[in-house]
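By convention here, the first residue in the shown sequence is residue 1. Keep in mind that this is a model prediction, so the values were computed, not measured.
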Amino acid sequence: AIRKIGRLAIPLLGYILLWQVGTWVVFALAIQVDGGVPSYQYAQMFFQLPYGIFAVSIITAIFPAMSEHAALSKMSRFKDTMNMGIRSTLLIIVPCAVVYLTLSEPIIRFLLEHGFFKTGDTELLSGVLFYFALGLIPYSIDMLLTKTFYSMQDTRTPMFINCFVVAINIGANLLFFHLMGVKGLALGFATAYLFSMLIDGTVLRIRLGRLGGNRVLSTALKTLVAAALMKRYRGLGLRVVGMKPVASGCHLTAAGLRNEDALQLEHQASTRHPYARVNPYAFAPAIAPHLAARAAGTTIELSLLVSCY
């Protein structure tokens, strides 16, 4: 057991050391700009906030289940758990990214523009945060995919992938820094993690087969569009309520079955309504809603949907 722990730990140590090399390059470039290092550091702190609160919580919750499914060779349940984790992450992280992309400057001005922190500092920091926000979604998903390898007791693959990603990050930083200054370092970070997410996903797709990418993409697009529209209409002073009539792939909570899409719609609404009105039909199996209803012996009644609407 000790030898096995050692074999798993050595590649993980290599993974960390590689990123330290990339971090050294970032600060070696950022220090050339007046205020570059603190702007990068503060922007990264804001960037890490939604990831650390929400994405890490999701990863922590699903990691034991994925490890158990992998150990018992229940790969179908393993992929379902991973897929649920990705969709749950997207449902929370996408709105956070939208907020940063649209409101980075007002946020920085409200929180930090006091005392020695001047308007120019706000403009620089908000610009860096904007480009960091472009990488919030791929970064959060990539961290979950990396933990997916770890749940299969594979620490070597992430390390090898990280070799390419660090090289991409350094190259992108050198290019974008000379074009955009410190903002380019944040864009280089986002670019590196976009490639990392794509490479990790491709390797897992080859190893595990179909991962339900269409469902993940559908969730991301629906959530992004719905959150943006509801936020826009709320900003215009309108009353906004979202509804998901039928949902499958729900998770069991103390309050009953809950669907991530419906919870996000409920959160974005300008007025509160009982969950049963937002999502009248909720089913646990992560299959097509009509199949989930059939398996549960439930008939979808149009009259109920109309009454909730």
For a 4.5 angstrom cut-off between non-hydrogen side-chain atoms, does [X] reach [Y]?
| X | Y | answer |
| --- | --- | --- |
| Ile141 | Leu90 | yes |
| Pro280 | Met243 | yes |
| Phe283 | Tyr281 | yes |
| Met82 | Met66 | yes |
| Leu29 | Leu174 | yes |
| Cys250 | Arg258 | no |
| Arg156 | Phe149 | no |
| Met152 | Leu204 | yes |

- Message: Is the distance from the ring center of Phe189 to that of Phe132 below 6.0 Å?
- Response: yes
Are a donor atom and an acceptor atom from the side chains of [X] and [Y] found within less than 3.5 Å of each other?
| X | Y | result |
| --- | --- | --- |
| His273 | Thr271 | yes |
| Thr119 | Arg109 | no |
| Asp154 | Tyr150 | no |

Can you check whether [Y]'s main-chain N or O pairs, donor with acceptor, with [X]'s side chain at less than 3.5 Å?
| X | Y | result |
| --- | --- | --- |
| Asn169 | Gly22 | no |
| Lys183 | Tyr131 | no |
| Ser151 | Thr148 | yes |
| Asn259 | Ala282 | no |

About how many Å separate [atom2] of [Y] and [atom1] of [X], when rounded to the nearest 0.5 Å?
| X | Y | atom1 | atom2 | result |
| --- | --- | --- | --- | --- |
| Cys163 | Ile161 | SG | CD1 | 10.0 Å |
| Thr157 | Leu145 | OG1 | CG | 12.5 Å |
| Asp200 | Asp142 | CG | CG | 4.5 Å |
| Leu124 | Ile108 | CG | CD1 | 10.5 Å |
| His178 | Asn173 | NE2 | CG | 10.5 Å |
| Arg277 | Leu305 | CZ | CG | 12.5 Å |

Compare every heavy atom of [Y] with every heavy atom of [X], then report the nearest pair and how far apart it is.
| X | Y | result |
| --- | --- | --- |
| Phe117 | Leu112 | CB-O, 3.0 Å |
| Val165 | Ser196 | CG2-CB, 3.5 Å |
| Asn279 | Ala262 | CB-CB, 3.8 Å |
| Ser270 | Val240 | OG-N, 2.6 Å |
| Ala133 | Leu101 | CB-CD2, 3.8 Å |
| Ala190 | Leu134 | CB-C, 4.1 Å |

Please say yes or no: joined through hydrophobic side-chain contacts below 4.5 Å, possibly via intermediate residues, are [X] and [Y] part of one cluster?
| X | Y | result |
| --- | --- | --- |
| Tyr193 | Val21 | yes |
| Met143 | Ile86 | yes |
| Phe110 | Val128 | yes |
| Phe160 | Val203 | yes |
| Trp24 | Val182 | yes |

- Let me see the working for Gln32 and Phe177 under side-chain contact (heavy atoms from CB on, under 4.5 Å), right down to the final yes or no. CA-CA 10 Å; Gln32 300 176 32; Phe177 178 76; 3.9 Å; yes
- Between Val278 and Lys244, does a side-chain contact (heavy atoms from CB on, under 4.5 Å) hold up when you go through it step by step? CA-CA 6 Å; Val278 177; Lys244 189 172 182 68; 5.5 Å; no
- Trace of the side-chain contact (heavy atoms from CB on, under 4.5 Å) decision for Phe176 with Leu185: CA-CA 7 Å; Phe176 294 140; Leu185 299 178; over 6 Å; no
Donor-acceptor list for residues 37-65 side chains, cut-off 3.5 Å, not counting sequence neighbours:
{"residue": "Ser39", "atom": "OG", "partner": "Gly35", "partner atom": "O", "Å": "2.8"}
{"residue": "Gln48", "atom": "NE2", "partner": "Tyr139", "partner atom": "OH", "Å": "3.3"}
{"residue": "Ser57", "atom": "OG", "partner": "Ile53", "partner atom": "O", "Å": "2.5"}
{"residue": "Thr60", "atom": "OG1", "partner": "Val56", "partner atom": "O", "Å": "2.7"}

- Walk me through it: do Ile107 and Val99 pass the test side-chain contact (heavy atoms from CB on, under 4.5 Å)? CA-CA 9 Å; Ile107 291 172; Val99 169; 3.9 Å; yes
If you draw a 6.0 Å radius around [atom1] in [X], do more than 12 non-hydrogen atoms from other residues or ligands fall strictly inside?
| X | atom1 | result |
| --- | --- | --- |
| Leu111 | CG | yes |
| Phe27 | CZ | yes |
| Arg272 | CZ | yes |
| Arg77 | CZ | no |

